[in-house]
Amino acid sequence: MQLDTGKTSAGLVGTFRNIIREEGAGRLYRGLVPPLMLEAPKRAVKFMPSQESFVVVPFELVKIKLQDKKSTYKGPIDVVKQVVQKNGLLGLYVGMESTFWRHVYWNGGYFGSIYQIKSLLPKPQTQKAELLNNFISGAIGGFAGTVLNTPFDVVKSRIQGTEKIPGVVPKYNWTYPALATIAREEGLGALYKGFIPKVLRLAPGGGVLLLVVEFTLGIFRTGRVKFFTSHIQ
């Protein structure tokens, strides 16, 4: 949806139908390997936007190249091989700047709201209620982060999906000029292409993220207290 430069969109359900009708159901899993390989290192640096961008960009680039409707790549390795042959190792980092901004805005929306939301919820009386509060806060934070960062994700997809032609300046190159170009040519709504599938993934994902982080920190805190208590005794 984000790579479609048309002014009209088929929407989420229509896009599913078109992909299945034209390319088969298997096409829905095109580009699956890069996100799977990325998940562990991405989560390890989730709280560091700049480092996160450095880790994420090559995987995102490969995924976008594979998911492009016009893609003729055989698989992830073929993408890496061809990109490096044409543009060198730095070619794997096309879209670094837009990816950085995408993460800055998502983290700003997410971390800027989760604890405010949590403070507004009823004070939990049980551990189950505490877990539920964490999930609700994280899900709302994930929604807020997605609202803020979707335009930057659209730009990132356009930049990474553009094939470089020697001597030709890419239409989508830098983040903020690309935002202006998309809004001018396709309308402001185009900056939110792919919002629904993104928010359906990232809102509950944000809830799970906060739930797991707080649960894990609780285990470490309990362990640390027990450690110091045993040593004092």
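- Between the side chain of Ser119 and the main chain of Gln116, a donor-acceptor pair closer than 3.5 Å is present.
- Residue Met1 shares its hydrophobic cluster (ILVMFWY side chains chained together at separations under 4.5 Å) with no other residue.
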### Task
Give the intermediate values and the outcome of side chain to side chain donor-acceptor pair (under 3.5 Å) for residues Gln160 and Lys156.
CA-CA 6 Å; Gln160 291 184 328; Lys156 178 204 70 71; 2.9 Å; yes
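- In this structure, Lys123 has no salt bridge (charged side-chain N to carboxylate O under 4.0 Å, His left out) partners at least two apart in sequence or on a different chain.
- With hydrogens and angles ignored, the 3.5 Å screen pairs no side-chain donor or acceptor of Ser157 with any backbone N or O of Leu3.
- Under a 3.5 Å cut-off, the side chain of Gln67 and the backbone N or O of Arg30 do form a donor-acceptor pair.
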### Task
Verify salt bridge (Lys or Arg N to Asp or Glu O under 4.0 Å) between Lys65 and Glu163, making sure each step is shown before the conclusion.
CA-CA 9 Å; Lys65 295 291 189 188; Glu163 292 292 339; 3.4 Å; yes
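- Each side chain to side chain donor-acceptor pair (under 3.5 Å) pair with one or both residues in residues 132-145, not counting sequence neighbours, appears once here: Lys118-Asn134.
- Between the side chain of Asp68 and the backbone N or O of Ile64 there is no donor-acceptor pair closer than 3.5 Å.
- With sequence neighbours excluded, the residues satisfying salt bridge (charged side-chain N to carboxylate O under 4.0 Å, His left out) with Lys69 are Glu22.
- Close placement of the Trp101 and Tyr176 rings is indicated, their centers lying within 6.0 Å of each other.
- Here side chain to side chain donor-acceptor pair (under 3.5 Å) pairs that include residues 182-192, with residues two or more places apart or in two chains, are Arg158-Glu186, Lys171-Glu185, Glu186-Lys193.
- With sequence neighbours excluded, no residue satisfies salt bridge (charged side-chain N to carboxylate O under 4.0 Å, His left out) with Arg17.
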### Task
Begin from the C-alpha positions of Tyr73 and Val62 and carry the test side-chain contact (heavy atoms from CB on, under 4.5 Å) through to its verdict.
CA-CA 10 Å; Tyr73 294 103; Val62 173; over 6 Å; no
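- Below 30°, between 30° and 60°, or above 60°: for Phe111 and Trp106 the angle between ring planes is above 60°, a perpendicular geometry.
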### Task
For side-chain contact (heavy atoms from CB on, under 4.5 Å), just list the numbers for Val155 and Tyr172, CA-CA rounded to whole Å, side-chain angles, deciding distance to a tenth of an Å, and then say yes or no.
CA-CA 7 Å; Val155 167; Tyr172 308 108; 5.8 Å; no
